[in-house]
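See structure below.
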Amino acid sequence: MAYSKESLKSTRVTGVAQKYLYIHTIGCQMNVHDSEQIAALLKEKGYQDTGDAGKADLIVINTCSIREKAAQKVYSRVGRFHEYKRRNPRLIICLTGCLAQQEGEKLLKRLPVLDMVIGTHNIHRLPELLETVEKTGSRITETAFRESVQSIRVRTDPRNGAVSAYVTIMQGCDNFCSFCVVPYLRGREESRPEQEILNEIALLADSGVREVTLLGQNVNSYGKRSPDGSDFATLLKKIGKIPGINRIRFTTSHPRDLSEQVVRCFKEVDKLCEHIHLPVQSGSDRILERMNRGYTSAQYREKVARLREVCSGISITSDVIVGFPGETDADFQATLALMDAVRFDNLFSFKYSEREGTAAVKLEGKVEEPLKIERLKVLQSLQEQHTLAGNKSREGRVEAVLVEGASKNSGCDVSGRTRTNRIVNFKGGAELIGKTVSVAITRAYLHSLRGELH
Ligand code: 5AD
Ligand code: SF4
């Protein structure tokens, strides 16, 4: 297989005055990666990342409004932005992401401190629009939807010495779950051409990356509308052959679209890690239907059983929403029952939060906030038991750990992950970073494992 490395040149600063960029990211993995893309685009214009907003010539606030009211977070920070502008009148402040897409011009009017509001489909135009603002001092909004989203093609430079990198393979979503804003703010599904993804991963491998996480709102739909006839299982197999890449992960999968071919990849593609994030959202068929999820609780459990049949040690994590409109006690109990039946390795749980423009806004039976909080607490304490038991079952085993860096908690420790996505801390030096080593697990905690180099 040939990987053209010419077609994807890295961004390089050439003879451009050095300026400082500060990016504040609110939200999900997808957004973290969008911020990496923004940084890559702006590097070409001479902007270097700084961790200090007070020193910046350009502040980008990259918002996500999937679960929270991102607007409130932005409003609460406006005072600080004014202060930065007072100190540096040439400072440019730009808002990007879902909130920008949703509010557009309105935000520019409400918040005079903003210079630019750029929606999800226009990140690639940021350098050009920034130049206009720099030259003319005008204020700009750009929220047009485009048939093809150019920014999914932007290649990011891996952080210096990074072992793990995100790679976008598709974006947008056609599913219209009734609670979710993504289809409205990110638009229809669009897949990246297969060869482009393979080229990018080969380049990442050359620069020392050993693990890639393939990103998409619904990765199982990869290639659905691609003229090259590719599909997700084929893509996984091809990535599995790229030299230098030792681990492949992906997120997120819609249970209905998880095909038998993809399930079998957990056996057939050695490099595919034994972990799947498979959001279930609820254990009640009535609520699943109101959510427009397209599967029943029994069908979800069948997928889990099939995954475990193909790959016995697979780690399964999920997302659950509590307090969706119409959720009764019995519905909530059905979610707890599903959790007991599946025993997720980890679970991300959220209180339902109404999103403007989504179908669920019109549903009756709104659940009061205190009840949502109570249900969330019950659910989280059950999950803690399951997570801890899962982690404890690792004690005494020897695990393959890809070392990612120094541990956050101790200077003499390094930190890495098992193939099942558990964090492991153990004594070791920086020379281990990027290597896969055998670690004997000595102690399990709720959020990590402790071990010794084997
Ligand atoms: N309220 C609460 N949680 C939500 N999610 C998406 N939209 C909402 C909402 N309106 C959660 C889902 C999804 C995850 C990314 O965020 O569980 O899987
Ligand atoms: Fe939102 Fe559903 Fe699409 Fe996930 S699958 S992004 S929850 S609409």
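Just follow the structure's listing: the first ligand is 1, and inside any ligand the first atom is 1. Owing to the predicted nature of the structure, the values given are computational and were not obtained by experimental measurement. Basis for what follows: all heavy atoms, side chains included, without hydrogens, waters or symmetry-related copies.
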Enumerate the atoms of ligand 2 whose separation from the nearest heavy atom of [X] is less than 4.0 angstrom.
| X | answer |
| --- | --- |
| Pro183 | 8 (S) |
| Val182 | 6 (S) |
| Gln217 | 6 (S) |
| Phe179 | 7 (S) |
| Phe176 | 8 (S) |

Item to check | Winner among Asn292, Asn175, Thr252 once heavy atoms are compared against atom 5 (S) of ligand 2 | outcome: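 Of the listed residues, Asn175 has the closest heavy atom.
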Item to check | Residue Arg110 excluded, over 12 heavy atoms near CZ under 6.0 Å | outcome: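 For Arg110, atom CZ is not crowded (no more than 12 foreign heavy atoms under 6.0 Å).
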Next on the checklist: More than 12 heavy atoms of other residues, nucleotides or ligands under 6.0 Å from CZ of Arg306: yes or no?
Outcome noted: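 Counting neighbours around CZ of Arg306, more than 12 heavy atoms of other residues, nucleotides or ligands fall under 6.0 Å, so yes.
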What protein heavy atom sits nearest [atom], and how far off is it?
| atom | answer |
| --- | --- |
| atom 3 (Fe) of ligand 2 | Cys173 SG, 2.2 Å |
| atom 5 (N) of ligand 1 | Arg67 CG, 3.6 Å |
| atom 1 (Fe) of ligand 2 | Cys180 SG, 2.3 Å |
| atom 8 (S) of ligand 2 | Cys177 N, 3.4 Å |
| atom 1 (N) of ligand 1 | Ser353 N, 3.0 Å |

Checklist entry - What do you reckon, does Lys351 put a non-hydrogen atom under 4.0 Å from ligand 1? => result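 Contact check Lys351 vs ligand 1: positive.
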Charged N to carboxylate O under 4.0 angstrom, [X] versus [Y]?
| X | Y | answer |
| --- | --- | --- |
| Glu399 | Arg419 | no |
| Arg188 | Asp174 | yes |
| Glu327 | Arg290 | no |
| Asp270 | Lys241 | no |
| Lys377 | Glu374 | no |

Checklist entry - Under 3.5 Å between some N or O of ligand 1 and some N or O of Val320? => result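 Looking only at distances, the answer is no, because the N/O contact criterion of under 3.5 Å is not met.
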Next on the checklist: Does the plane of the ring in Phe179 sit parallel, tilted or perpendicular to the ring in Phe324? Use 30° and 60° as the thresholds.
Outcome noted: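 If you compare the ring of Phe179 with that of Phe324, the planes turn out perpendicular.
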Checklist entry - Should the ring pair Phe348 and His277 be called parallel, tilted or perpendicular, given that the plane angle runs from 0 to 90° and is split at 30 and 60? => result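 The arrangement is perpendicular - the two ring planes meet at more than 60°.
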Checklist entry - Can Arg67 be said to sit on top of Phe350's aromatic six-ring, NZ or CZ under 6.0 Å from centre and within 45° of the ring axis? => result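 So Arg67 does make the cation-pi contact.
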Just heavy atoms, cut-off under 4.0 Å: does [X] contact ligand 1 by side chain, backbone, both, or neither?
| X | value |
| --- | --- |
| Ile66 | both |
| Phe179 | both |
| Gln281 | side chain |

Item to check | Numbered atoms of ligand 1 (with element) below 4.0 Å of Arg355, judged on heavy atoms | outcome: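 By the 4.0 Å cutoff, the relevant atoms are 10 (N).
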Item to check | Steps toward side chain to side chain contact (heavy atoms under 4.5 Å, CB included) verdict (Gln261, Phe232) | outcome: CA-CA 9 Å; Gln261 285 89 324; Phe232 189 47; over 6 Å; no
Checklist entry - Under a heavy-atom criterion of less than 4.0 Å, does Arg293 contact ligand 2? => result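 So Arg293 counts as touching ligand 2.
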Checklist entry - With a cut-off of 2.8 Å, does any N, O or S atom of His254 fall short of it relative to atom 2 (Fe) of ligand 2? => result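 Checking His254: none of its N, O or S atoms is under 2.8 Å.
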Item to check | Worked verdict on Leu111 versus Phe81 for side chain to side chain contact (heavy atoms under 4.5 Å, CB included) | outcome: CA-CA 10 Å; Leu111 300 175; Phe81 300 149; over 6 Å; no
